[in-house]
Protein chains: 2
Amino acid sequence: MTDRDIPDIVVGRLPRYLQALEHLQLSGAQTTSSQELGEIVGVSAAQIRKDLSQYGEFGKQGKGYSVSYLVHQLQQILKVDRVWPMALVGAGNLGHAIANYPGFGQHGFRITLIFDNDPVHIGTRIGPLTVQDSARLVPVLREKKIKIAMLTVPVRAAQSVADQLVEAGVRAILNYASITLSVPDHVHVQYIDPIIYLQRMTYYLD
Amino acid sequence: MTDRDIPDIVVGRLPRYLQALEHLQLSGAQTTSSQELGEIVGVSAAQIRKDLSQYGEFGKQGKGYSVSYLVHQLQQILKVDRVWPMALVGAGNLGHAIANYPGFGQHGFRITLIFDNDPVHIGTRIGPLTVQDSARLVPVLREKKIKIAMLTVPVRAAQSVADQLVEAGVRAILNYASITLSVPDHVHVQYIDPIIYLQRMTYYLD
DNA sequence: ATGGATTAGTGTAAATAGTCACAAGGATGA
DNA sequence: TCATCCTTGTGACTATTTACACTAATCCAT
């Protein structure tokens with residue numbers, strides 16, 4: 001079902017479909033169509049149908065898609081039909097904001113560990129968690145079998161922390177530091193850098 | 001020079017080249033090559049040469065690129081060779097973290113206005129700025145000719161705030177709310193939603 | 001029941017993006 | 001000076017992605 005040869009660009013759209021479907025669900029919609037969904041996410045109806053057809057037949061001709069069923073299917077495809085424990089490395093300003101953001105838990109992503117290398121932060125509490133010393137990062141992540149980590153450390157520390165995450169068996173890194181990380185092929189990295197996005201938009205301004 | 005028919009996907013890579021070049025600059029490098037740059041950002045050397053060739057000839061055969069010259073050129077192309085005043089709408093947790101992040105200023109993006117509609121926040125200070133009532137958003141942004149805004153409001157408010165931003169003449173929105181915004185063609189939107197990125201990675205996990 | 005309207009899934013064509021390989025320009029060292 | 005080594009810029013080619021158009025299934029109003 002989830003063959004590896006489905007292009008990454010298709011995979012990248014699935015979470016946006018899911019997001020829109022969950023909003024539809026909240027607003028009480030029972031069914032939707034590729035047309036409607038496409039208008040919400042700004043993608044052509046044909047594109048959505050083709051993307052979904054990579055994984056099966058989820059709709060009914062003449063009727064559309066059952067919202068709850070499609071939500072369920074997409075959750076399975078994206079493997080978010082379970083709870084993912086995550087580690088957060090970096091307990092600075094951004095780290096705190098992220099640790100306190102309820103959206104992760106609402107979508108099955110649970111921050112279970114927070115690390116920092118600064119003695120000022122180590123031992124302090126953020127919500128229900130205590131900030132641990134980064135020195136113990138590798139053994140702890142290994143033992144807890146953590147597969148996902150978020151990186152909110154300064155640029156100068158990012159690559160070295162990433163190396164440790166890889167060593168600890170982490171397979172997915174959400175990187176907030178403004179640097180391209182070098183990791184093995186089996187590790188996935190996604191970048192969140194507001195500057196990059198802003199520069200991408202100023203290009204089009206006068 | 002900056003023709004509109006240069007594909008968006010090319011434009012999207014330019015900020016990453018610039019980021020890498022600025023790091024090279026900090027580490028003291030005088031020149032670089034498409035080869036080296038490609039290794040840093042994880043893109044083929046030919047891709048980089050082709051992307052840059054859309055805008056001119058910036059390198060020297062046999063020698064490579066002058067780092068500082070290419071930085072300068074990319075800054076011009078991306079229009080970040082100036083200071084952009086920005087508005088921040090939403091003074092919650094995330095809004096505070098963003099307002100206090102020094103990276104924006106370091107790259108020529110200056111947050112000059114902060115808005116919120118919650119009386120709890122209105123009037124409070126964040127750094128040198130006072131949080132203003134969202135009710136005054138449109139006239140104030142118009143008067144100050146603000147072209148870029150960052151959105152850190154709850155999902156339920158995001159579209160309505162976006163509509164106001166458009167009305168106020170904003171041309172670029174960096175949206176942190178997990179919803180696809182509907183805006184006119186002349187307004188650019190970039191999305192920062194960690195859940196989307198995480199789901200994109202869990203797909204590839206076991 | 002029936003005809004018209006709707007909508008999914010899909011094969012094919014078109015458009016877009018990326019890779020490759022090479023000519024040409026410039027640097028370097030004997 | 002001249003031969004060799006680098007590295008850019010680019011045209012041709014390949015691969016990928018998107019759009020289009022059509023069939024078949026379903027719904028709904030009459």
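Treat the numbers as computed from the prediction; the structure is a model and nothing was measured. In what follows, chains carry the letters A, B, and so on, assigned in the order in which the sequence lines appear, proteins first and then strands, with residues in each chain numbered from 1.
- One interatomic measurement links the two molecules: CD of Glu57(B) to P of dT10(D), which rounds to 5 Å at whole-angstrom precision.
- Side chain of Lys147(A) to main chain of Val170(A): no donor-acceptor pair is present (N/O by atom type, distance under 3.5 Å, no hydrogens or angles).
- The shortest distance between the side-chain N/O atoms of Gln35(A) and the OP1/OP2 oxygens of dT6(C) is not below 4.0 Å.
- One finds no salt bridge joining Asp193(B) and Arg16(A) here, because no Lys/Arg side-chain nitrogen approaches an Asp/Glu carboxylate oxygen to under 4.0 Å.
- Place Lys63(A) and Gly62(B) on DNA chain D by their nearest nucleotides, and Gly62(B) ends up nearer the 5' end.
- Between Gln47(B) atom CD and dT16(C) atom P the separation is 16 Å, expressed in whole Å.
- Separating the CD atom in Gln75(A) from the CG atom in Leu70(A) is a distance of 10.0 Å, to the nearest 0.5 Å.
- Between the P atom of dA8(C) and the CD atom of Gln73(A) lies a distance of 16 Å, rounded to the nearest Å.
- Among the protein residues, Ile9(B) comes within range of the sugar-phosphate backbone only, with heavy atoms under 4.0 Å from sugar or phosphate atoms but none that close to a base.
- Under 4.0 angstrom from either OP1 or OP2 of dT8(D) there lies at least one side-chain N or O belonging to Ser34(B).
- Ring geometry, His121(A) versus His96(A): the interplanar angle falls from 30° to 60°, so the pair is classed tilted.
- Phosphate proximity of dT26(D) to Tyr65(A): absent, as no side-chain N or O sits under 4.0 Å from OP1 or OP2.
- Nucleotide dA8(C) holds its C1' atom 14 Å from the CG atom of Asp51(A), rounded to whole Å.
- Of the side-chain N and O atoms in Ser44(A), one or more sit less than 4.0 angstrom from OP1 or OP2 of dA19(D).
- In this structure, the OH atom of Tyr55(B) is 15 Å from the P atom of dG9(D), given to the nearest Å.
- For dA24(D), the OP1/OP2 oxygens have no side-chain nitrogen or oxygen of Gln61(A) closer than 4.0 Å.
- Rounded to an integer number of Å, the gap from CD of Gln54(A) to C1' of dA8(C) is 15 Å.
- Between Asp8(B) atom CG and dT18(D) atom C1' the separation is 15 Å, expressed in whole Å.
- Here Arg13(A) reaches the OP1 or OP2 of dT18(D): one of its side-chain N or O atoms lies under 4.0 Å away.
- If you measure from atom OH of Tyr17(A) to atom C1' of dA8(C), you get 14 Å, rounded to the nearest angstrom.
- Salt-bridge annotation for Asp206(B) and Lys79(A): absent, with no side-chain N of the basic residue lying under 4.0 Å from a carboxylate O of the acidic one.
- Comparing atom distances between the Lys50(B) side chain and each of dA25(D), dT10(C), dA12(D) picks out dA12(D) as nearest.
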